[in-house]
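Throughout, residue positions are numbered sequentially from 1 according to the sequence presented.
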Amino acid sequence: MELRRRKLHFRRSAAFMAVSLFQVIFSVSIVSAESTNSRSLLATSSSSGKIHAGEYCAMYDICGKRSDGRVLNCPYGSPSVKPDDLLSSKIQSLCPTISGNVCCTEFQFETLRSQVQQAVPILVSCPACLRNFLNLFCELTCSPNQSQFINVTSVSKVNNNLTVGGIDYYITDAFGEELYNSCKDVKFGTMNTRAMDFVGAGAKNFKEWFAFIGREAEPGVPGSPYAINFRSSISESSGMKPMNVSAYSCGDTSLGCSCGDCPSSPTCSGSAPPSPHKKHSCTIKMGSLKVKCIEFSLAILYGIVVLIFFGWSLFHKRKRLPASRMKPLLNVTEGGEDHSFNKQKSESQPIQMHGEAPRVMQGLQLSLVQGYISSFYRRYGTWVARNPTRVLCSSLAIVLLLCLGLIRFKVETRPEKLWVGHGSKAGAEKRFFDSHLAPFYRIEQLILATIPDTKNGKAPSIVTEENIRLLFEIQKKVDGIRANYSGKMVSLTDICLKPLGKDCATQSVLQYFKMDPDNFDSYGGVDHAVYCFQHYTSTATCMSAFQAPLDPSTALGSFSGNNYSEASAFVATYPVNNKNDETGNENAAAVAWEKAFIQLIMEEVVPMVQSRNLTLSFSSENSIQEELKRESTADVVTILISYIVMFIYISITLGDAPHLSSFYISSKVLLGFSGVVVVMLSVLGSVGFFSAIGVKSTLIIMEVIPFLVLAVGVDNMCILVHAVKRQPLELPLEGRISNALVEVGPSITLASLSEVLAFAVGSFIPMPACRVFSMFAALAVLLDFLLQVTAFVALIVFDFLRAEDHRVDCFPCIKIPLSSSESDKGTGQGEPGLLTRYMKEVHAPILDLWGVKIAVVAIFVAFAFASIALCTRIEPGLEQKVVLPRDSYLQGYFNNVSEHLRIGPPLYFVVKNYNYSSKSRNTNQLCSISKCDSSSLLNEIAKASSSPESSYIAKPAASWLDDFLVWMSPEAFGCCRKFTNGSYCPPDDQPPCCSPDEGVCDLGGVCKDCTTCFRHSDLQDDRPTTEQFREKLPWFLNSLPSADCAKGGHGAYTTSVDLNGYESGIIQASEFRTFHTPLNKQSDFVSSMRAARDFSSRVSASLEIDVFPYAMFYIFFEQYLDIWRTALINLAIALGAVFIVCLVITCSLWSSAIILGVLAMIVVDLMGVMAILNIQLNAVSVVNLVMSIGIAVEFCVHITHAFTVSSGDRGQRAKEALSTMGASVFSGITLTKLVGVIVLRFAKSEVFVVYYFQMYLALVLIGFLHGLVFLPVILSLFGPPSRYKLTEKQEGQASSSSSQLH
């Protein structure tokens, strides 16, 4: 089960991005005219002499600096200047559209070059976009025709020098449109988003982009030092014309972009991924009503079946009319009291006839197996009655010996050990991911939300000053948590995830204030937070304390689109380091802190929040495991009450009709208590045996199996006692015990073996919790059966001896003398009870009516057909809320996760054995930048993200490979650099090139001689050689991202590549990170996993590279991919096993087929009820369905066995079967299970209520109706011939008559 849904919202990429990506484009936009904010003055005197002509500049050279040291251009027009050859070649390398004269000095150009290097790594993956982007600023800075499209509109005075204060930049709409189109889809993999979110604040068109670029920045904030007004229209009289250099399409073949960066490229238009196959349900429209094809087909089939049955019944009834006239005569000679007397008389004699053949028993011609079983039970019953003490002591000794294994009793509570099978593909993938890359981090989370308005049902916004200050108070308490672990005090900073080794990567809106409450007012309070919601990627003051942009969708909940200010919930997430924890102690420090965290929230924070009329839900990584442990004790009282109620019911049921004068003699309280003890011993013996061989128990075993075995075991107890009480009192106790075992022993054996086999079939289910449960249950039921026919039979002997000796129940040492009449009342076991009389005089005669038979068959078959149609509506899954106690704090948490979170769980595509050598094509088959294959893995992921409704992939993948190739490229000249000695040289804004305390870095420092790692001539078709790849990959993974090079891999990709053994040219494991879409329902989780696996399989086959998807919840939801197949196979095996057992014991294909058919109908009907009650299909419900076959056998075999050994026609035998066994089935099977099941309704755990109360209650009711209504009707119509044969010597004529009827 994905019990990890609380991880859905956290964006690991954001946590790893140590940004310095600050609005790189804004610095670039005015690279030739950086200045501080100063008072702008309208320079009307200078504007009157402006010249707008070719080869003329609008601004040239540097005339001042802002307070932050940034240079400002001079606003004076002058002719363009011819540069020297060296400067000309430098300008040509960056700005190929500019040749000849220029309007920039060397210092201006170097400033331009140093600034655009911040944007190059972001856009270089699409050469067309990068070229258009560079042209925009090259023309602004150095174009010789600058004055034709630049107009200085205002100036400012700095140190008595006039500097540029504002400009109009005229650009054609065509250029702006093409520039935007070429860049709008370019990916910025590090952040799993589009580059436009960083260089354009998510602009939707070129006008929005230009407006963002031209915005005047505050002092010390990256961006334009003055306003740039981008305009497209200009009067002809001005002598100006818009800048209109050639713009490149992203689909241009000479500067082609990858399909991931340019989906509209002609080369990509035909490569769209095939949409996943959608299952269209077949429907038939009848007027305004739509009916599924399967429902329509079943309705037609049902009509045909009913017509055939109705026609057969009419024909059969007419055929039987002549024979019916013989009925009175036959009833005189065969039926009623004469038959019963003869049968009882014959059964009283064989005690002394052990030498007879086992297949023939006083007129009963049994099968070979049944004969041997009956013979065994006859001899065994006599021996037990003579040696009850020996049987009781020996059987108990064996069970107590098994109980010694409880010394090694252990309980497994780890979810991954309970719900993930050893052969699980997802489990193997998780182990591979954890061992080669890194375990997924632990998550602690708070969701603070407003309460919806009672009038309109809409929750007010959470984004208020009061609520943010409250969040600061909560954060202060969380920071102050100190948990004791092995004598050491553990705080959040000791265990939290720190991408850059400094600050915790906490995901909270407080990050917009650097997690410091003192910044709240100084930054602008709520207005600053609202501003950061839209500009989190571009404004320095919006950057988090861990130097990464914080996506508001990870810290806010319940908003639509990008309307973050309407959010009604704050989401605070604390990612904590995780370790491979095979021993259970590796994360002990984190677990200790998590327990203290939950305690603090419950005791201090929740009351504080509720006093503000807000709600708070919370969770830690360890919460589910702790709540499951608590659940183990939550229902102890419920289980205890169930046992007490069952004990009271057994005591009443086993006793005789109450007579005040002899009640203390005839009651069976002590026998009932002993029966409950027998059940408990069988459970303990099963647990002890498996504990001895090292199999750990589970909470569900401790809670459910005692109830289950009790419900199953009590049935046989009642049947055994009732069978003894039905025997003639004139027989000695040995004879009554022997005859009772002969009468019900074969059917009890058949039912018990069927139950054991049905439960054992559950051990084939791969989920460990359910497999172990089935093993424990099968052995417990087997032990219970063995103890019933040994210890409990011996206890019956003792109890009947006590009653015959007039000893008081519960106090057998006390003997009460009774009169003969009272003695008869006290031991009058032969008197038929009220229920027995009802079955014989009311129930059986009603079912014998032809109209009733037709109605019963029609109704039961109709419900079976309806259930088949309903089965298609059962959804796979297991809601996390169901497995937790009803009063668990996680109930509210899971509700809020579904309601508030707007981001899905992380999804990783893991590549095994990536060959990066020059001889392999793997690099181009994986990457998504220029010159990569259009069908590469990352391009396919990007395409899939464009149709998230079917692929469940929300974003393009963050690609370490793309960023590495860009980082190495000569265009990203600020990234991969080396000193003259060949060692790694960091970007200019990082130590040792620049000290953090210096503020503005000196371009002439220790790194002035650093050069790019490679020239284009050093690469092979823009790809590194094997040696270059091998040498530079560790450089990249250790490189810190910064403003000068946002592509550094440290933090973002530290754990994305397994470097063990990579020197051989093969990277064993690497991952590409993206996100699923928000998943709210169990079916969403299953469908997203299926879609991801289908996608990976298709790509792997196409590229011949081993790729698999991985998400934390996969191991819990993998079972649901083929849960229907698992369910049907296990049900078929269980039904087949029961059929074989019936066939072997009865040697009657006819009887076995009828039992099989009724069992199948019971299971189908139970699944129909599951659909009606919205019970999901999962391992728990599959185990219940399989076990329901074993339990349902009891409703069938006793009636069928009684039918086969009765005499007369089918109708008479059906009535006799109901008369003899109907009461036992109802009171001993139906009511005992009903009493135990009803108690579970009051369990605190929802899983008990849904999967054990509702399902077992439905099973009991369905089994009762089929066993005592449908089955007798079917037997009366299609039952097998009787095995009761009258001997020729005594009743030859009757036998002949009887054979003619059959």
Just verifying a value: how many Å separate [X] [atom1] and [Y] [atom2], rounded to the nearest 0.5 Å?
| X | Y | atom1 | atom2 | result |
| --- | --- | --- | --- | --- |
| Leu779 | Ser763 | CG | OG | 12.0 Å |
| Ile1154 | Phe1203 | CD1 | CZ | 7.5 Å |
| Ile868 | Asp1165 | CD1 | CG | 9.0 Å |
| Leu1259 | Leu1185 | CG | CG | 9.5 Å |
| Leu1265 | Met1161 | CG | CE | 11.0 Å |
| Leu750 | Ile373 | CG | CD1 | 8.0 Å |

Side-chain touch [X]/[Y], heavy atoms, less than 4.5 angstrom:
| X | Y | result |
| --- | --- | --- |
| Ile748 | His1198 | yes |
| Gln1176 | Ile874 | no |
| Phe863 | Val1164 | no |
| Val1163 | Ser1188 | yes |
| Val1183 | Ser774 | yes |
| Leu1159 | Cys1196 | yes |
| Val1186 | Leu1131 | yes |
| Asn739 | Arg378 | yes |

Between Arg726 and Glu743 (salt bridge meaning N to carboxylate O under 4.0 Å), is one present in this structure?
yes
Mind listing the closest non-hydrogen atom pair of [X] and [Y] along with its distance?
| X | Y | result |
| --- | --- | --- |
| Glu1194 | Ala751 | CG-CB, 4.0 Å |
| Ile1123 | Ala1179 | CD1-N, 4.1 Å |
| Ala1127 | Val1182 | CB-CG2, 3.7 Å |
| Ile1162 | Gly1263 | CD1-CA, 4.1 Å |
| Thr836 | Ser1219 | CG2-O, 3.8 Å |
| Cys871 | Met1167 | SG-CB, 3.4 Å |

Pair Phe1264 + Phe1195: ring centers closer than 6.0 Å:
no
Leu1257: which residues meet the side-chain contact (heavy atoms from CB on, under 4.5 Å) condition with it, sequence neighbours left out?
Leu1234, Val1237, Phe1253, Leu1261
List the residues meeting side-chain contact (heavy atoms from CB on, under 4.5 Å) with Val789, not counting sequence neighbours, and say none if there are none.
Tyr377, Phe785
Using modelled atom types and a 3.5 Å cut-off, is there a donor and acceptor pairing between side-chain atoms of [X] and backbone atoms of [Y]?
| X | Y | result |
| --- | --- | --- |
| Asp784 | Ala780 | no |
| Asp1209 | Gln1212 | yes |
| Arg1210 | Gly1279 | yes |
| Ser374 | Pro746 | no |
| Ser375 | Gly371 | no |
| Ser682 | Leu783 | no |
| Asn1184 | Tyr1256 | no |
| Ser1181 | Asn1178 | yes |
| Trp1124 | Leu1177 | no |
| Ser1276 | Gly1211 | no |

In terms of the angle between their ring planes, are His843 and Tyr838 parallel, tilted or perpendicular, with boundaries placed at 30° and 60°?
tilted
For the pair Phe1270 and His1266, name the ring-plane relationship: parallel under 30°, tilted 30 to 60°, perpendicular over 60°.
perpendicular
Working for side chain to side chain contact (heavy atoms under 4.5 Å, CB included), residues Val793 and Leu741:
CA-CA 9 Å; Val793 171; Leu741 286 177; 4.3 Å; yes
Run the side chain to side chain contact (heavy atoms under 4.5 Å, CB included) check on Phe1139 and Leu1135 step by step: do they pass?
CA-CA 6 Å; Phe1139 176 75; Leu1135 287 171; over 6 Å; no
Between Val744 and Asn716, is the side chain to side chain contact (heavy atoms under 4.5 Å, CB included) condition met? List the steps.
CA-CA 9 Å; Val744 298; Asn716 292 341; over 6 Å; no
All pairs passing salt bridge (Lys or Arg N to Asp or Glu O under 4.0 Å) where residues 850-865 contributes a residue, at least two apart:
Asp848-Lys853
Using the rule given for side chain to side chain contact (heavy atoms under 4.5 Å, CB included), can you reason through Thr1204 versus Thr1146, listing the C-alpha separation, both sets of side-chain angles and the distance that settles it, and then say yes or no?
CA-CA 10 Å; Thr1204 56; Thr1146 64; over 6 Å; no
